[in-house]
There are 2 protein chains.
Amino acid sequence: MQLDLDLLYTWGAIAKEYKKGEIIFDEDGLANFYYQIVEGCVKMFNTNDKGKEFTQGYFFDGQSFGEPPLFIDERYPSTAMAFQDTRIIKLTKDKFLKILDEYPAIQKQFLNLMAQRIHSKAVTSKDIINQSPAFRILAFFNTRKKNKGGAPELVPFTRQEIANFTGLRVETVIRALGKMHVEKKIEIKNHKIYY
Amino acid sequence: MQLDLDLLYTWGAIAKEYKKGEIIFDEDGLANFYYQIVEGCVKMFNTNDKGKEFTQGYFFDGQSFGEPPLFIDERYPSTAMAFQDTRIIKLTKDKFLKILDEYPAIQKQFLNLMAQRIHSKAVTSKDIINQSPAFRILAFFNTRKKNKGGAPELVPFTRQEIANFTGLRVETVIRALGKMHVEKKIEIKNHKIYY
DNA sequence: CGGTTCCTTGAGGATGATCAACGAGGGTGG
DNA sequence: CCACCCTCGTTGATCATCCTCAAGGAACCG
């Protein structure tokens, strides 16, 4: 899902650069803007009392994120952070909602987007809860591989990030990856993971 | 979210009774209908290879369920089962989508509903993953208590159901509940839980 | 009263978390 | 080019927690 940049600018949107690691919005913060990535990558995550992180998802070029609270008057359930240097275009909540009212076709696209998100969250939950480390890791790899069954591709995540997404610890991920390599479920060359 | 019954019947919807335990649709099945509960309760869940169940959610009187796949041409990520004897009204996918096209106000309501669902799934994930049994259980209780902070209410779920929702085992739930009782986080009278 | 479902307890085991070191690689500045 | 730093990866030992298995007990209902 991606709104036309000209349209956004016409409605008064502004672009902003976020450095890698910079926070875009905070868990429990009020939702005042629609955000769309022009270029870069954003991570949404939670942190528990013991400081352990859980990654809710990643968003890339052209994708919007953090929309649900705009529709339902809730606070953000997670924190959003620039995962790399990222250029984001933002529009105020009320103008965004006006665009939706004005263009039913766009509203429909967002409906589809929300449906897509629910679907993938349901799949992610079921893949993480009640499952072995290897299963969780493979599920994670699968969600971000387009051409399933194709040649193994480099997995562009650190072991720590894999851990954060799967709810495991780094060491557990490393040991699981080792076993998966032996079982030929993945490739590891020079510390790099291919799947 | 709930569509007007007259409207549904006008468009050719039909009502159907499901006995407790009856399957309404299966994980990986095609999505051909819009479902709305007239009276009763429906549980959505997954089962892993070892037969362990994970409850994705419960739906009650007046609520619709299983909509996302209708919008995005995906299969059901979970199974839906009547949790009690339940009367459900169903409408074919194409007619449902036509209603949305015809009534932008309804489309908007569904957009809000989907946003609500994403929000609660995000909250549920963060509450379950990386947390202690007691924390998970309390989070579960909180999601289904309207008047937070009010007098303790009877929790209408068996320990097995609590386990299924929190990704724990029955025995773990029982032991955690015992400890929570001692710590006065919950009430237990005659095996019944109050929170 | 008998059957069914749900709850409870204990013992033992498996698994992932934790803690503590250390190794490898890549980039930077002297 | 080398020394340094910083991030990321790795390993082993130990621990805590939750799961598993097995056996009964309690509550409820026809």
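Here is how names work: the chains are called A, B, and so on, in the same order as the sequence lines, proteins then strands, and each is numbered from 1. Quick caveat: nothing in here was measured; it's all calculated off a predicted structure.
- Between A:Ile137 atom CD1 and C:dT15 atom P the separation is 15 Å, expressed in whole Å.
- Using modelled atom types and a 3.5 Å distance limit, the side chains of B:Asn112 and B:Gln116 yield no donor-acceptor pair.
- Shown here are the ring pair (Phe, Tyr, Trp, His ring centres under 6.0 Å) partners of A:Tyr58, two or more places apart in sequence or in another chain: A:Phe83, A:Phe157.
- Side-chain atoms of A:Glu74 do not come within 3.5 Å of backbone N or O of B:His119 as any donor-acceptor pair.
- Where DNA chain D meets chain B (any atom under 4.0 Å from a heavy atom), the bounding nucleotides read 5' to 3' are D:dC18 to D:dC28.
- Among residues two or more places apart in sequence or in another chain, the ring pair (Phe, Tyr, Trp, His ring centres under 6.0 Å) test is passed with A:Tyr35 by A:Phe25, A:Phe65.
- The 5' end of DNA chain C is approached more closely, in terms of each residue's nearest nucleotide, by A:Arg136 than by the other of A:Asn190 and A:Arg136.
- Of the charged side-chain nitrogens involved, at least one lies within less than 4.0 Å of a carboxylate oxygen, so that B:Glu183 and B:Lys185 count as a salt-bridged pair.
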Derivation and outcome, salt bridge (Lys or Arg N to Asp or Glu O under 4.0 Å), residues A:Lys43 and A:Glu161:
CA-CA 10 Å; A:Lys43 177 172 75 171; A:Glu161 286 151 12; over 6 Å; no

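- Axis angle across the helix from C:dC1-D:dG30 to C:dG30-D:dC1, with five pairs used at each end and values rounded to 10°: 40°.
- Follow the hydrophobic side-chain contacts under 4.5 Å out from A:Leu7 and you reach A:Tyr34 in the same cluster.
- By the rule that hydrophobic residues join a cluster once side-chain heavy atoms approach within less than 4.5 Å of another member, B:Ile72 and A:Phe110 end up as members of one cluster.
- Put simply, the side chain of B:Lys145 gets close to the backbone of B:Tyr195: a donor and an acceptor are under 3.5 Å apart.
- Between A:Lys50 atom NZ and C:dC19 atom P the separation is 11 Å, expressed in whole Å.
- Contacts of residues 157-168 of chain A with DNA chain C (heavy atom under 4.0 Å): A:Gly167, A:Leu168.
- Looking at A:Asn46, its side chain does come within 3.5 Å of a backbone N or O of A:Pro77 through a donor-acceptor pair.
- As rounded to whole Å, 13 Å separates atom P of C:dC6 from atom CD1 of B:Ile193.
- Put simply, the side chain of B:Asn164 never gets that close to the backbone of B:Phe54: no donor and acceptor are under 3.5 Å apart.
- For DNA chain C, the residues of residues 172-182 of chain A within the heavy-atom distance limit of 4.0 Å (strictly under) are A:Thr172, A:Arg175, sorted by number.
- Among the atoms of the strands shown, only primed sugar atoms or phosphate atoms (P, OP1, OP2) are found under 4.0 Å from some heavy atom of B:Lys192.
- Side-chain atoms of A:Asp61 come within 3.5 Å of backbone atoms of A:Gly40 as a donor-acceptor pair (strictly under, hydrogens ignored).
- Distance alone, capped at 3.5 Å, is enough to place a donor-acceptor pair between the A:Gln56 side chain and the B:Ala122 backbone.
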